[in-house]
Amino acid sequence: MYNFKETEKKWQTYWEENETFKTDVWDFSKPKFYALDMFPYPSGVGLHAGHPEGYTATDIVTRMKKMQGYNVLHPMGWDAFGLPAEQYAINTGNHPEQFTLDNIKTFKGQLKSLGFAYDWSREISTTNPTYYKWTQWIFKQLYLDGYAKYIDMPVNWCEELGTVLSNDEVIDGKSERGGYPVVRKNMKQWVMDIPAYAEKLLNNLDDLDWPESTKEIQRNWIGKSVGALVDFKVANTHHTFTVFTTRCDTLFGATYCVLSPEHKIVNEITTEEQKEAIEEYQRICATKSELERTELSKDKTGVFTGAYAINPVNNKEIPIWISDYVLATYGTGAIMAVPAHDDRDYEFAKKFNIPIIQVLEEETGETKENESQKNSIVAIVHDQETDQYLTINWHQLGGRLFIGGTIKEGETPLECAFREVAEETGYTDIEQLKETFKIRHHYYAHNKDKYFQIECTGFLFELKSHNKQTQNLDEDEAFDVEWVSKDIVLEEIKDALHLKTFEYTENGGAMTGDGIHINSEFLNGLYKEEAIQKMIAWLEEHHVGKKQINYRLRDWIFARQRYWGEPVPIVHMEDETDRVLEDEELPLILPKMDDYKGRNGKAPLENAEEWKHVEIDGIEGIRETSTMPGSAGSSWYFLRYIDPNNEDAIADPELLKHWLPVDLYVGGPEHAVGHLLYSRFWNEYLYDKGIVPVKEPFQKLVHQGMILGANGIKMGKRYPEYVVNPSDVVESHGADALRLYEMFMGPLQADKPWSQTGLDGSKKFLDRVYRIFEEGKMVEETTPELEKIYHQTVKKVTNDYETLNFNTAISQMMIFINAVYKEDKISREYAEGFIQLLNPVCPHMTEEIWHTYLGHDETIAVSTWPTYEESKTVEDTYEMIVQVNGKVRGKIEVSTSTTKEEMETLAKDIPNVKIHLEDKEIIKVITVPKKLVNIVVK
RNA sequence: GCUUGCGUGGCGGAAUUGGUAGACGCACAGCACUCAAAAUGCUGCGGUUUAUGACCAUGAGGGUUCGAUUCCCUCCGCAAGCACCA
């Protein structure tokens, strides 16, 4: 019987004592492979079930690559600074430093008990001064190059946590940690100018082997939009303001402008009469939290400033409003509003009765030459009592339509609509509900043999009563007037114009799609894209605007009013200058403090009186008391692993050149816009400085899925009875069984529920493997019966490990073991190969068998990975499938050398196939070599 | 609302340059071993049926094809991300 407890301990000690997985980074003779795990926060609760999943995945690849002759770097460390660790320490009444050290000890013990092939000599912790010296050094470079800035700006302030937070740490207006409310507040802050790298961060994404969803999240987060700046003069003043728009082609349709309540010129342009209302509105906005702003977003609010802006394109005066639907932090904090073609502006204009000017027409039908032009209407009449629509059934002549007609000279579209409804259907008592934007429609009129282009206005009416006049028809008009339901309308009305009109009346809102410009002077007749180009050219020519690219990505707020982080190596001097520390002064050590909690919104380091006050060149100064965010240290740790003890540089340039980029990076998807974006930014910056040799640090990224509780719900405080502790499983089933089970559960990337019986099953498989040796089923001579399946197994397992499809690799190994039991014996050769294949997943038991039953002296970790012969993986016969009309009617075992003709003959000879061919005419026979024959009959 | 994924037995899942749907495992049932149980080994296991066969079945409905889990369209459901970004 296999004793996993003793055995697992034994080999863990052996690997440690023999430094089996120590990497000689200077050995450039072998190809390199850098496998990286996202290093954990050493929280107080220890490892959770999800940790072993990702870590086993990289471990499998690491062990296989090592056996395949690669020099593999597989390190581990601790992301121990930051809010989570500090908050946890406060909650449990500990000091962050001791608490962190204790947790690291626990984590390390747990990881070792899982048998991971880490090179522990490269262990790093972001909290170690020898490490954060370089975090501060990178900050210094960024500061000197102007990317780290100390500026006054609106930030996310969390009162409960007593600190500012970066945008990715705020979710739905609440803090990611703890879910406390977050408000906007102006503060002098350290920020990183990550927007300066927006374009590079966006472009480089294309070439990365990353999950598409994560790339998309980063693209959205960066949020590039191409548009234009347009300058507006404020009428009768010397003031101007600039708006950002992606739709400068709609400038002729601008009927008002909106400034964000915080915009600089608001107070200067507001008229006396409006002053009170404006100030009141500004006051309300300022006190609203992020959460309140989003919650109240359903209804538009705003106040007129009393001032007017001059539209540069036609010199029309349009009112200037303020509203919180315009954000101070995006674009220029001001917009031109085009209600006809923007949903938000439309909603606002409707609420405040501001004019709406259509400048684009949607098009239906196809443009033809020599079209005659007409103006027309489509009238849709609805009867509330029956919820039916009034239609005209032209039968063969044109199918079902609403009421349509041409506008006569001197008639308004609305008058025309009333007239047409009365003439064609007799109904006179109708009330107008809606008028749609005009649609441009192209069609061919059979009776006149002419092409028409019409400009059509749609109307929706409500039937007030069934009062009727006599219909007034031309003699050639033959149709029936019918009331039909919405379903019939959608089913039977085929005409594009009528359908589109119906859609407009149903949905309402602005017309935001593409179309043809009208009411726009030099843009008339152009589609959106051409019009944008032409307008930009016009704006630039007249010096009232220019092309502009804008990003949603904001400055990375880089300071926390907390204790447990890297001190910022800056001194604010008495003479109002800032001094960055000399390299020799780094690391700036975090002072030990008994009371590390901030008071009254002040950073804890404010209380470190002795540490805080410095004198440089005879001038007094005060150190920066904010610390860096948790994501600072984790933004470059993958560089430090390569050369963790280097005292002169973040790492030796030659080593960086050899080992970068990371070949495989595995971690959770929750870091998509935090860590994964910040790391890319720092790496790209260091690349530009010539310190790092690659543009992108992580070539291949994979997110492991979440291990859910057996109830299918995320493990956590909510359902403590479903939480699985990996250490308990190591105790009860062994590390090998846990590793095997987590890899067999399903695809690495998928969320998967835990199953206790599934875990038992994995343990049983290991026992089943062990029993082969225990019961002496291994023989020295070869077992030809297993040859094919063995070679197939080596091939599949090797490929599947490479592509991280561990579940199917394990399934193939189970198939192999089932075959061994069927034969009841296995040759030494195949047994050794199989144990090597299983080793990366279950390193302890396989190591034990390798020594005890297979008689090796050296660790299996340095053995050579088994190979397969392609010729031995293929069968010489196969089961040919015979289909009749695509349905399987027979199967027959044939040789792989069977020709197409022979296949057909054999197929037609199968009794059950014959039955299905009887009295049928064979039309076609499709033969796929080594697969099937499909006989098509009639 | 927008973006990106996903939807297959009782359960986890397998199969995609379009070619036997349900590999492998769990659960379940039967047999062997045993005084018995556990453990172990072997066998069966999508549904219906008149059962060596036929029909139905990969969220629903349509399409392309000799043939669709796989490709296309519409709809439904679930998950994640974004959410007044001009």
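Letters A, B, ... are given to chains in the order of the sequence lines, protein chains preceding strands, and every chain is numbered from 1.
Nucleotide B:rU52 forms a pair with no other nucleotide shown, judged by Watson-Crick or G-U wobble geometry with both contacts under 3.5 Å. The base-pairing partner of B:rA29, taking Watson-Crick or G-U wobble contacts with both distances under 3.5 Å, is B:rU43. Base pairing of B:rC6: its partner is B:rG77, meeting the Watson-Crick or G-U wobble criterion (both donor-acceptor distances under 3.5 Å).
Positionally, the nearest nucleotide of RNA chain B for A:Phe744 lies more toward the 5' end than for the other of A:Phe744 and A:Ile926. Judged by closest nucleotide on RNA chain B, A:Gly886 is the one of A:Ala334 and A:Gly886 placed further toward the 5' end.
Nucleic acid contact class of A:Lys891 (heavy atoms, under 4.0 Å, all strands): base.
Both the sub-6.0 Å distance and the 45° axial angle are not jointly satisfied by A:Lys224 relative to the ring of A:Tyr551. Annotation: cation-pi pair A:Lys777/A:Tyr821 present, NZ/CZ under 6.0 Å from the ring centroid and within 45° of its normal.
OP1 or OP2 of B:rG12 has not a single side-chain nitrogen or oxygen of A:Lys752 nearer than 4.0 Å. Not one side-chain nitrogen or oxygen of A:Asn912 sits closer than 4.0 Å to the OP1 or OP2 atom of B:rU52. At the phosphate of B:rA86, neither OP1 nor OP2 sits under 4.0 Å from any side-chain N or O atom of A:His341. Taking side-chain N and O atoms only, A:Arg219 has no distance below 4.0 Å to OP1 or OP2 of B:rU4. Residue A:Arg889 places at least one side-chain N or O closer than 4.0 Å to OP1 or OP2 of B:rA54. Regarding contacts with the backbone of B:rU43, a side-chain N or O of A:Lys822 is found under 4.0 angstrom from either OP1 or OP2. OP1 or OP2 of B:rG81 has not a single side-chain nitrogen or oxygen of A:Ser213 nearer than 4.0 Å.
The OH atom of A:Tyr330 lies 9.0 Å from the CZ atom of A:Arg552; values are rounded to the nearest 0.5 Å.
Remark: A:Thr808, A:Ser811, A:Met814, A:Ile815, A:Asn818 in residues 808-818 of chain A come within less than 4.0 Å of RNA chain B through at least one heavy atom.
Spacing of P atoms, B:rG25 relative to B:rU43, comes out at 11 Å, to the nearest Å. Rounded to whole Å, the P atom of B:rA32 lies 37 Å from the corresponding atom of B:rA14. Here the separation of B:rA60 from B:rU69, taken at their P atoms, is 11 Å to the nearest Å. As rounded to the nearest Å, B:rA51 and B:rA39 have P atoms that lie 39 Å from one another. Annotation: B:rU34 and B:rG41 have their C1' atoms spaced 14 Å apart (nearest Å).
Annotation: salt bridge (charged side-chain N to carboxylate O under 4.0 Å, His left out) contacts of A:Asp514 (sequence neighbours excluded): none.
Looking only at atom types and distance, the side chain of A:Thr873 has no donor-acceptor partner in the side chain of A:Gln792 under 3.5 Å away.
Heavy atoms from other residues, nucleotides or ligands lying under 6.0 Å from NZ of A:Lys215 number more than 12. Annotation for A:Lys264: atom NZ does not count as buried by contact number, only 12 or fewer foreign heavy atoms lying within 6.0 Å. By the 6.0 Å contact criterion, NZ on A:Lys908 is enclosed, its count of non-hydrogen atoms from other residues, nucleotides or ligands being greater than 12.
For B:rG5, the base has no donor-acceptor partner in the side chain of A:Glu212 [N/O atoms by modelled type, under 3.5 angstrom]. A donor-acceptor contact under 3.5 Å links the side chain of A:Asn934 to the base of B:rC66.
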